[in-house]
Amino acid sequence: MRYNPSEIEKKWQKFWDERNSFEPSENKTLPKKYILSMFPYPSGRIHMGHVRNYAIGDALARYWRKRECNVLHPIGWDAFGMPAENAAIKHGVHPKKWTYENIEYMRKELSSLGLSFSKEREFATCDPLYTKYEQAFFIDMWNRGLVYRKKGHLNWCPHDMTVLANEQVIDGKCWRCDTPIVQKEMHQYYIKITDYADELLEDLKKLEGGWPPQVIAMQRNWIGKSVGLEFSFLLDEESRKKSGFESFEVFTTRPDTICGVTYAAVAPEHPLVKALVENGLLDETTKEKIERMCRMPARERNIAEKEGVPLGIYALHPITGEKVPVWAANFVLMEYGSGAVMAVPAHDTRDYAFAKKYGLPIRYVVFPESGELPENEAYTEDGIVKGCGEFDGLKGQQARDAIIEWFEKKGLGKKVINFRLKDWGVSRQRYWGAPIPMVHCPKCGVVPQKKELLPVTLPDDVEITGEGNPLDHHPTWKFTKCPVCGGDATRETDTLDTFVQSSWYFLRYTTPRKYWEEVAFTKEDANYWMPVDQYVGGIEHAILHLLYARFFTKVLRDLGYVDVDEPFKRLLTQGMVLKDGAKMSKSKGNVVDPDALIEKYGADTARLFILFAAPPTQELEWNDSAVEGAFRFLKKLYDRAMKVESCGEMPRIDHKSLQKSEKDARRKVYEALLRGEEVYTERFTFNTLIAACMEALNALDRQKNPKVWQEGMWILLNLLEPVVPHICWELSEKLFCRANFGEIGTKDEVFEVESVKMGVSINGKPRAQIEVAPDASKEQILEAARKAASKWVEGKTIVKEIVVPNKLVNIVVK
RNA sequence: GCGGACGUGGUGGAAUUGGUAGACACGCCAGACUUAGGAUCUGGUGCCGCAAGGUGUGGAGGUUCAAGUCCUCUCGUCCGCACCA
């Protein structure tokens, strides 16, 4: 019998399917493992990234099932979003049809990989039943004051005709279609993620050890907490009269440098500037310069040269009372802090460059503890304050604290914490999304829909042209009654950002399908299964999805739906799959199609290759001949297994009576077993486990003892089942009636050896090898070592001798 | 600029607490079997050298009996953020 993957794989997939083999138990007294690979967007076909993602998750799920855990390993579909609408525009297919057909097709593709998903708990986020609860959460959040509506400058993608969150703007371009973003002013709904900024930051500590440091760092950076002093810059009397402003606020993280302030700078969009323009106090060229600065998009501003104009007004230094000029400058951002800064050219590189360009004074007030001030640049390090009256002599944090205290005592300013994180704008002017369940009533204003009327569903009869919002253009959909007064009203026509759906889908899975009509999920179920024990997905979600999901979990906790603080205990970020050094993409023409691969070699070969070629967190370079190698291993495994006699339990072997090659084989097998434990539970370096299994099979091949073969296969098939399930079920069924699929304990006897090989080094250089009894004394070992290395020892004085048991001997000679 | 990851044969990668660097696999070379094979099997394969030996984990120092692993500096690659006050 030759290895025939397509036959074996069909057989077992059918077997698993018919028996619903992978449904979790509802018995909550069992130890649980929640293993989750990020759910896919139903784009049409799976790609190698999916294969990798689900091969990793499936291996872990299958492993824990063997350890007698209750395993939740679900799959679903992140099904709302723009590609469905783009398909509608291009090909005239309805987004719903396009999406569900894609799901149908991709489900088949995934099932051909033999993944052990719970079929029962699968759903798509575009299912109205999912929308229903999402809308209910939104209303809960609105009622809690966590959602608000605001008119503001928004990132607008002219191609997709929609608003984007800051997180969705990459290099000033749309994250989806790469179109440059423009600023547009409009109303939209915001979720107050900033209310949770501190907790989102603090709780990153809880994730240390479980999440990659890189992802934690990226989130920390994105939240961007900075502590400093906020104070008012009073304007001098004349400037007050001119502008109608008393003062303006500034924020600084370096109050210790405050006495080095020689000017102040405000953003070109600052209200103070507007007032001066409106009062006709600026000449034409100044106004022109300001307008030009305002027009320049943010991403160009940060590469442009520092530029600014004096506004002809003066502020009073809060400590010295000195008059300092106020400038409008292109490097000051309106969106951060108060849109104005105190400028200390001596201790800030930006302020320095600006001061040099416009000939503004530079005054050093912080000096290094040792050494000299740098020449021709700002000194930005901490140091000792000099030239600042009562604060002289203080250094670094000490000085900062003292100065903040001084401001607070005098009531001139206060300690303030600023975050870079902005509230999450969730309105999208699109059709294929969850409708925002709000109603605009001429009498009652903007009010939430009644919960018993949820879900607010999408109308099917829409025309999708790519221009404007189809829901807004629909002839009847938006007309409704006000849930408060019952009068005529209109529905909100914006839909929710798709990241809202992916922010809680992992909670939906925790409750069995039969309850889905009544609840989003039960608290009991969520508390049993959460947090996800192992989450697996791409690094590209390091900020967006993972931050929103963490935030949502905390909000739902505060709303009383669940008790956990963090949704994902451990996170594994898989590397990309590359071909010819580049990410696989249609445009580059370097795509390897998973279907074709499975067709040719089978799912087990695909899974084996993808887990063997590189550790899961690293990039994986595609290599056709290495795929061939993976296939070869499976053929060999199958061929050798066919020669093993079947048995119902693990054979008992008298280890002492075995020949050396037989003992070696057993040792290799048990080494693989130990490696398996650590790979599946801690390290996830499946490549090393597979290598250990290959070594074990090679070692088994060098001996002929039928019992050693039986035991070896018993263990290897158990170890490899999570990676290559089909072939392992087939062979285990044939040989052991699958009795080998439980937990297997190690055996100390196989690691006992008659002799150990040790290296002998002279002055650290490996020179010879000795073989000694495992219980040999230090003296015996040294004697053997001196003899073996006599060539290098003769005529020299031995200075020192080190024996590392079972490893090596190092003799130091002179 | 800030933050993070990484650098080992022709290639992917092993080496978990410092202890014989290069496991396992790909590729390549030689051989066996075969009508043939992109099949299978055996042996070899870091580099220099006929050999003895030397040398070798991006580079330079250091700690140590011993460094891919620890420390300092440096070069390079990749990723994220970025005029954030």
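Chain naming here is simple, since letters A, B, ... match the order of the sequence lines and numbering starts at 1 in each. Side-chain atoms are counted along with the backbone in the values below, which use heavy atoms only and exclude waters and symmetry mates. Being a predicted model, the structure only gives us computed values, none of them experimental.
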Phosphate contact (B:rG13 OP1 or OP2) by A:Gln618 side-chain N/O below 4.0 Å: yes
Rounded to the Å, how far apart are A:Lys807 NZ and B:rG18 C1'? 11 Å
Parallel, tilted or perpendicular: which describes the rings of A:Phe233 and A:His317, with under 30° parallel and over 60° perpendicular? perpendicular
Indicate, with a heavy-atom threshold strictly under 4.0 Å, whether A:Val812 touches base, sugar-phosphate, or nothing. sugar-phosphate
Does A:Arg632 have a side-chain nitrogen or oxygen under 4.0 Å from the phosphate oxygens OP1 or OP2 of B:rC26? yes
What contact category does A:Gly629 fall into here, base, sugar-phosphate, or nothing, at under 4.0 angstrom with non-hydrogen atoms? sugar-phosphate
Once pairs are restricted to Watson-Crick or G-U wobble with both distances under 3.5 Å, how does RNA chain B read as a dot-bracket string, [ ] for crossings and | for other-strand pairs? (((((((..(((......[....)))((((((.......))))))(((....)))..(((((..]....))))))))))))....
Under-4.0 Å side-chain N/O to phosphate OP1/OP2 contact, A:Asn687 with B:rA14: yes
Heavy atoms under 4.0 Å, any strand shown: does A:Pro212 hit a base, just sugar-phosphate, or nothing? nothing
Parallel, tilted or perpendicular for A:Tyr548 and A:Trp424, by the 30°/60° rule? parallel
With no angle test and no hydrogens, is the base of B:rC65 tied to the side chain of A:Asn810 by a donor-acceptor pair under 3.5 Å? yes
Can you tell me if A:Arg420 touches the phosphate of B:rC2, counting only side-chain N or O atoms and a distance under 4.0 Å to OP1 or OP2? no
What's A:Lys635 touching, base or sugar-phosphate or nothing? Going by heavy atoms closer than 4.0 Å. sugar-phosphate
Using 0.5 Å steps for rounding, measure from the CZ atom of A:Phe499 to the NE2 atom of A:His545. 8.5 Å
Hey, does the side chain of A:Arg350 come within less than 4.0 Å of B:rA82's phosphate (OP1/OP2), counting only N and O? no
Classify the nucleic acid contact of A:Val332 as base, sugar-phosphate or nothing, counting any heavy atom under 4.0 Å across all strands shown. base
Charged tip of A:Lys225 within 45° of A:Phe419 ring normal and under 6.0 Å: no
By nearest-nucleotide position on RNA chain B, the 5'-leaning member of A:Asp701 and A:Gly764 is A:Asp701
At 4.0 Å (heavy atoms only), tell me whether A:Arg675 reaches a base, stays on the sugar-phosphate, or touches nothing. base
By the definition side chain to side chain contact (heavy atoms under 4.5 Å, CB included), identify the one residue from A:Leu311, A:Val341, A:Val332, A:Val250 that meets it with A:Val266. A:Leu311
Indicate, with yes or no, if the rings of A:Tyr352 and A:Phe354 have centres closer together than 6.0 Å. no
Pair of N/O donor and acceptor under 3.5 Å linking B:rU16 base with A:Glu678 side chain: yes
A:Phe751: partners by ring pair (Phe, Tyr, Trp, His ring centres under 6.0 Å), with sequence neighbours left out: none
So what does A:Lys765 touch, heavy atoms closer than 4.0 Å: a base, only the sugar-phosphate, or nothing? sugar-phosphate
Assert yes or no for the condition that the ring centre distance of A:Phe609 to A:Trp622 is strictly below 6.0 Å. yes
Given the 90°-from-0 boundary between syn and anti, B:rG9 should be labelled syn
Under 4.0 Å, counting only non-hydrogen atoms across every strand here, what does A:Arg767 touch: a base, just sugar-phosphate, or nothing? sugar-phosphate
Any A:Ser625 side-chain nitrogen or oxygen under 4.0 Å from OP1 or OP2 of B:rG38: no
Rounded to the nearest Å, what distance is computed from the CD1 atom of residue A:Ile802 to the C1' atom of nucleotide B:rC65? 3 Å
